[in-house]
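Basis for what follows: all heavy atoms, side chains included, without hydrogens, waters or symmetry-related copies.
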Amino acid sequence: MNSFQETRDQTSKWNVSCSQRAKNTFNPIRNFVQNMAVKPNPEKSPIRLSVGDPTEFGNLVIPRQAVNQLSENILSGKYNGYTMSFGTLEARKAIADYFSSRECPIQPQDVLLTCGTAGAIELILSAIGDEGKVLLVPKPGFPLFQTIASSLGMKTKSYRLKQEDNWQVDLTDLASQVDVDTVAIIVNNPSNPCGSVYTKQHLQDILNVAEKCKVPIIADEVYANMCFDGIPFYSVASQSRNVPVISLGSISKLFAAPGWRLGWLIVHDRHHILLNAGVVQCLHQLTMRMLVPSSPIQSVVPTLFSEPCRKEQSLIIEQLEHNANTAYPLLKNIPGLRCTKPQGALYMFIHLDLNILSFENDVEFTESLWKEESVFVIPGSCFGWNGAVRIVLNAPGPIITEACHRIQSFCERHLCLA
Ligand SMILES: *Cc1c(COP(=O)(O)O)cnc(C)c1O
């Protein structure tokens, strides 16, 4: 027996414990949705405008041709093997071509495939963020950045978005948050939960801050091109001359296929700053842990980005635009609510005036709305912003209308009359 075995006998405890990494992992949206104890009103059909899943109502569908291609590819038996750890050339080329522009050319070798955008966030943070390092995230913002960062032992600090200014970045606040430990700034455009889309000028202003501070930008562009009313989408990378940008995306929202778990990371590194720091090499090394996404899903990427599928994709965006244009006028004049018109993405973020609504906070508002009106929304506090709620615009138009009417009568019933 070795000394380890000697010190253990039948009566001693099993050598099992939890990792600090696991204990540090917490996703507030999932936690809220999965643990909601309040029951909806049995008299009213439940309307769940809570999780940002485009497939929730069945009205937004993945392009048919991609589904046919997938089943054909699976039946062919040709896609059962491993691929390169960072994805097949065909899939990376289709993504590079789709996102390339004259001012921002992308080569297949700049693209790495991941398990959704979530996988891309995990990949880049693992590559650049040691324990104790700091990631700057928007507030309000999608909480997954924090979830993954803290699970890796990193810290997050937030910079403010200005509600009064269409949720643009407070540039002064952003600049003041950067310190020696800051490894990157997250920019999420179009924004979850705000539904805002940044102008070219605003992106340049953000890039100027990053350039002064010499901090790269991680651009979560999972809603790239999902803009309404003719508002153009500009990627952060397309506006950057000197700042290295890592842009992230997936087919989850773009093609209504979050369950397919196909995402990507694109390295924009004009001056070889990331390359010379070894980051590109590290990214490739890290992909060798997992080998994702699955080969059959990779095999349909060229089909997804082909012309017919992109046409169908534009129908998804049209429906979301229609929903935004339905919900905004119905909600904007409700006493106690303050809304900004969604410009893109999948969401509307609604400020609650808790001086005139009889609720302590947004969680209480959300629970009562579910209990009385069977409408499920997510409290702003899940996005680091108290006193707001987020609704998802993924339902068919008539359901969105019904939800807005219910929210209206709910708010009218709960006004505190001074
Ligand atoms: C939905 C979402 C993600 C995660 O998307 P997947 O590609 O399904 O992992 C990441 N970032 C934002 C802002 C999102 O809204």
Side-chain angles (χ1 to χ4, degrees), residues 25-33 50-52 116-118 120-122 124-125 129 133-152 154-178 182-198 202-203 205-206 209-210 215-224 226 236 245-250 252-253 263 340 342-352 362-363 377-392:
T25 304
F26 178 75
N27 180 330
I29 300 183
R30 290 275 158 193
N31 184 61
F32 187 81
V33 171
S50 41
V51 178
T117 313
I121 297 170
E122 204 256 356
I124 182 60
L125 295 187
K133 293 291 183 181
V134 176
L135 179 69
L136 279 189
V137 300
K139 184 164 99 179
F142 188 55
L144 189 65
F145 309 123
Q146 259 120 320
T147 305
I148 294 175
S150 49
S151 150
L152 293 170
M154 294 171 65
K155 298 188 191 123
T156 52
K157 278 168 77 177
S158 50
Y159 64 87
R160 199 175 82 90
L161 305 182
K162 298 189 286 183
Q163 178 181 27
E164 65 282 7
D165 202 3
N166 227 349
W167 298 109
Q168 295 204 76
V169 175
D170 182 333
L171 298 164
T172 317
D173 188 39
L174 175 63
S176 75
Q177 301 288 344
V178 177
T182 310
V183 291
I185 298 167
I186 295 264
V187 174
N188 175 213
N189 177 55
S191 159
N192 176 6
C194 303
S196 52
V197 176
Y198 295 154
H202 190 55
L203 292 173
D205 293 343
I206 296 169
V209 174
V215 175
I217 290 183
I218 299 173
D220 181 328
E221 294 172 345
V222 70
Y223 301 100
M226 296 178 72
V236 176
V245 177
I246 298 101
S247 57
L248 317 178
S250 73
S252 297
K253 319 288 167 52
T340 343
Q343 300 174 304
L346 204 55
Y347 313 98
M348 200 162 157
F349 201 56
I350 306 167
H351 176 82
L352 307 175
D362 51 17
V363 172
V377 299
I378 300 282
S381 41
C382 287
F383 304 92
W385 191 274
N386 294 322
V389 292
R390 184 194 75 173
I391 66 168
V392 186

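Rounded to the nearest 0.5 Å, atoms CG (Leu144) and CD1 (Ile148) are 4.0 Å apart. From Asn27, atom CG reaches atom OG1 of Thr147 across 4.5 Å, with rounding to the nearest 0.5 Å. Once rounded to the nearest 0.5 Å, the distance linking CD of Glu122 with OG1 of Thr117 reads 13.0 Å. A distance of 12.5 Å separates CG in Asp220 from CD1 in Ile124, rounded to the nearest 0.5 Å. One distance of note links CD1 of Ile218 with CG of Leu125; it measures 5.0 Å at 0.5 Å rounding. The SG atom of Cys382 lies 8.0 Å from the CG atom of Asn31; values are rounded to the nearest 0.5 Å.
In terms of modelled atom types and a separation under 3.5 Å, the side chain of Asn189 and the main chain of Tyr198 share a donor-acceptor contact. A donor-acceptor pair under 3.5 Å is formed between the side chain of Gln343 and the backbone N or O of Val197. Distance alone, capped at 3.5 Å, is enough to place a donor-acceptor pair between the Ser250 side chain and the Ser252 backbone. A donor-acceptor pair under 3.5 Å is formed between the side chain of Asp170 and the backbone N or O of Thr172. A donor-acceptor contact shorter than 3.5 Å is absent between the side chain of Asn188 and the backbone of Ser191. Side chain of Tyr159 to main chain of Val178: no donor-acceptor pair is present (N/O by atom type, distance under 3.5 Å, no hydrogens or angles). No side-chain donor-acceptor contact under 3.5 Å links Arg390 to the backbone of Cys194. Side-chain atoms of His202 do not come within 3.5 Å of backbone N or O of Gln168 as any donor-acceptor pair. Although no hydrogens or angles enter the test, the distance criterion places no donor-acceptor pair under 3.5 Å between the side chain of Asp205 and the main chain of Val209.
Partners of Asp173 by salt bridge (charged side-chain N to carboxylate O under 4.0 Å, His left out), not counting sequence neighbours: none found. Lys139 meets the salt bridge (charged side-chain N to carboxylate O under 4.0 Å, His left out) test with no other residue; sequence neighbours excluded. Contacts of His351 classified as ring pair (Phe, Tyr, Trp, His ring centres under 6.0 Å), with partners at least two apart in sequence or in another chain: none.
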From CA spacing to verdict: side chain to side chain contact (heavy atoms under 4.5 Å, CB included), Lys157, Lys155: CA-CA 7 Å; Lys157 278 168 77 177; Lys155 298 188 191 123; over 6 Å; no
Apply side chain to side chain contact (heavy atoms under 4.5 Å, CB included) to the pair Leu161 and Val169, showing each step before the final yes or no. CA-CA 5 Å; Leu161 305 182; Val169 175; 3.8 Å; yes
Trace of the side-chain hydrogen bond (donor to acceptor under 3.5 Å, both in side chains) decision for Trp167 with Thr340: CA-CA 9 Å; Trp167 298 109; Thr340 343; 3.1 Å; yes
Before you tell me yes or no, could you show the steps for Ile206 and Val236 under side chain to side chain contact (heavy atoms under 4.5 Å, CB included), namely the whole-Å CA-CA distance, both residues' side-chain angles and the distance that decides it to 0.1 Å? CA-CA 9 Å; Ile206 296 169; Val236 176; over 6 Å; no
Show your working on side chain to side chain contact (heavy atoms under 4.5 Å, CB included) between Val183 and Met154 and close with a plain yes or no. CA-CA 10 Å; Val183 291; Met154 294 171 65; 3.6 Å; yes
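Looking only at side-chain heavy atoms (C-beta outward), Val134 and Thr156 stay at 4.5 Å or farther from each other. The side-chain heavy atoms of Thr182 and Gln177, taken from C-beta on, include no pair separated by under 4.5 Å. At a threshold of 4.5 Å between non-hydrogen side-chain atoms, the residues Leu346 and Tyr223 count as touching.
Minimum interatomic distance between Ser50 and Val392 (heavy atoms only, all atoms of both residues): O-CG2, 3.4 Å. Taking both residues in full, the closest heavy atoms of Ala388 and Trp385 are given as CB-CD1, 3.8 Å, listed atom of the first, atom of the second, then distance. Taking every heavy atom of both residues into account, Thr25 and Ser151 meet most closely at OG1-CB, 3.2 Å.
A donor-acceptor contact under 3.5 angstrom links the side chains of Ser381 and Asp362, judged on distance only.
The residue from Val363, Val389, Val51, Ile29 that alone fulfils the side chain to side chain contact (heavy atoms under 4.5 Å, CB included) condition with Ile378 is Ile29.
Residues Phe383 and Tyr347 place their aromatic rings such that the two centres sit no closer than 6.0 Å.
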